[in-house]
J.: 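Quick one: the structure is below, and I'll ask about it shortly.
Every value quoted in this text rests on a predicted model; they were computed, and no experiment measured them. Any value given below was found using the heavy atoms of this structure, including those in side chains, with hydrogens, waters and symmetry copies removed. Both ligands and their constituent atoms are indexed starting at 1 by order of listing.
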Amino acid sequence: MQNIIEAEKLTKIYTRGSEKVYALNEVSFTIQKGEIVSVTGQSGSGKTTLVNILGCLDNPTSGSLKVDGTQIFKENLKLSESGLTIIRRKFFGYIFQKFFLIPTLTVKENILVPAVFQKELKANENKLDEILKMLGISHRKNHLPSQLSGGEMQRVAIARALINSPSILIADEPTGNLDSKRSEEIKELLTDLNKNHGITVILVTHNPEFAKIGNRRIELYDGRLHTTTALTD
Ligand SMILES: Nc1ncnc2c1ncn2[C@@H]1O[C@H](COP(=O)(O)OP(=O)(O)O)[C@@H](O)[C@H]1O
Ligand SMILES: [Mg+2]
């Protein structure tokens with residue numbers, strides 16, 4: 001199996017006045033292509049900091065990160081902002097707890113936001129219809145976010161994450177704002193995207209039931225890697 005993520009001694013330090021906060025402290029692990037990995041740990045343990053760095057949305061203070069063999073961060077190497085943008089668009093889809101939909105754009109327009117920079121917009125429109133169908137929200141295509149339920153809004157956010165055909169989906173507490181039935185549906189959807197579409201999924205959750213969907217769990221404690229547990233079906 002091929003490593004799609006190689007993290008080595010990732011460290012992120014924030015300074016608060018004279019105090020140094022180690023949001024991440026020398027965290028090392030690998031994730032293989034096609035895995036579904038859950039990231040758990042108490043609030044403040046560094047989960048968001050970690051997945052933002054893995055997703056190239058934030059840079060570490062030190063340490064090394066490779067994505068699909070490409071060196072993104074290491075000592076003395078810093079990709080330019082435009083370099084990072086290309087990496088993000090090429091490899092990643094992001095789902096957050098807050099849906100971050102643009103209120104004045106329709107469902108269709110929101111989903112196409114990450115694709116407007118791509119040349120083949122027509123192909124993306126066909127893809128859009130496919131994704132809407134898969135997520136069961138085709139009938140919402142021309143609606144505004146304010147006309148949708150919370151579960152539908154999260155599906156639109158997931159559709160937006162899928163429009164550029166990511167190899168890796170990063171979901172940071174995607175069901176934090178949803179009731180248990182909607183959460184269960186999102187959990188099944190992420191499992192399906194992993195099993196049937198080969199997408200590597202990195203899921204941050206503090207719901208222990210939810211964490212079981214991973215074939216591996218990475219647990220953080222105070223910015224350090226506490227355990228990685230292989231989960232069997
Ligand atoms: N921008 C920031 N400035 C200062 N401290 C931060 C910042 N972002 C996160 N932290 C601190 O880093 C630690 C880890 O935060 P975070 O990654 O958000 O944890 P989690 O997602 O597990 O709740 C916390 O102590 C938090 O207060
Ligand atoms: Mg967080």
J.: Among the protein atoms near the Mg ion (ligand 2), how many are N, O or S and lie under 2.8 Å away?
T.: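 That number is 1, waters not included.
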J.: Below 4.0 angstrom, N of the basic side chain to O of the carboxylate: do Lys133 and Glu130 qualify?
T.: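 Looking at Glu130 together with Lys133, the answer is no, because their closest N to O distance does not fall below 4.0 Å.
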J.: Is any NZ, NE, NH1 or NH2 atom of the basic residue among Arg224 and Glu26 found under 4.0 Å from an Asp or Glu carboxylate oxygen of the other?
T.: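 Salt bridge absent between Arg224 and Glu26.
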J.: Taking only heavy atoms of the protein into account, state which residues are under 4.0 angstrom from an atom of ligand 1, in chain and number order.
T.: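 Lining ligand 1 at under 4.0 Å, by heavy atoms, one finds Tyr14, Arg16, Ala23, Gln42, Ser43, Gly44, Ser45, Gly46, Lys47, Thr48, Thr49.
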J.: Is there a donor-acceptor contact under 3.5 Å linking the side chains of Ser82 and Ser80?
T.: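 Distance-only check passes for Ser82 and Ser80.
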J.: If you take all heavy atoms of Arg216 and Ile31, which pair is closest and at what distance?
T.: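 Closest approach of Arg216 to Ile31: NH2-CA, 3.8 Å.
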J.: Please round to the nearest 0.5 Å and tell me the distance separating atom CZ of Phe100 and atom CZ of Arg160.
T.: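 One finds 8.5 Å between CZ of Phe100 and CZ of Arg160.
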J.: Could you tell me whether Lys90 and Asp68 have a side-chain N and a carboxylate O separated by less than 4.0 Å?
T.: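 Between Asp68 and Lys90 there is no salt bridge, as every charged N stays at least 4.0 Å from the carboxylate O atoms.
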J.: Among side-chain atoms of Ser64 and Gln71, is any donor-acceptor pair under 3.5 angstrom?
T.: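 Yes, because at least one side-chain N or O of Ser64 sits under 3.5 Å from a partner of the opposite role on Gln71.
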J.: Between Gly55 and Tyr94, which heavy-atom pair has the shortest distance, and what is it?
T.: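 Shortest heavy-atom contact: O-OH, 2.6 Å.
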J.: Decide, yes or no, whether a salt bridge links Glu8 with Lys66 under the criterion of side-chain N to carboxylate O below 4.0 Å.
T.: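 A salt bridge is absent here (no side-chain N lies under 4.0 Å from a carboxylate O).
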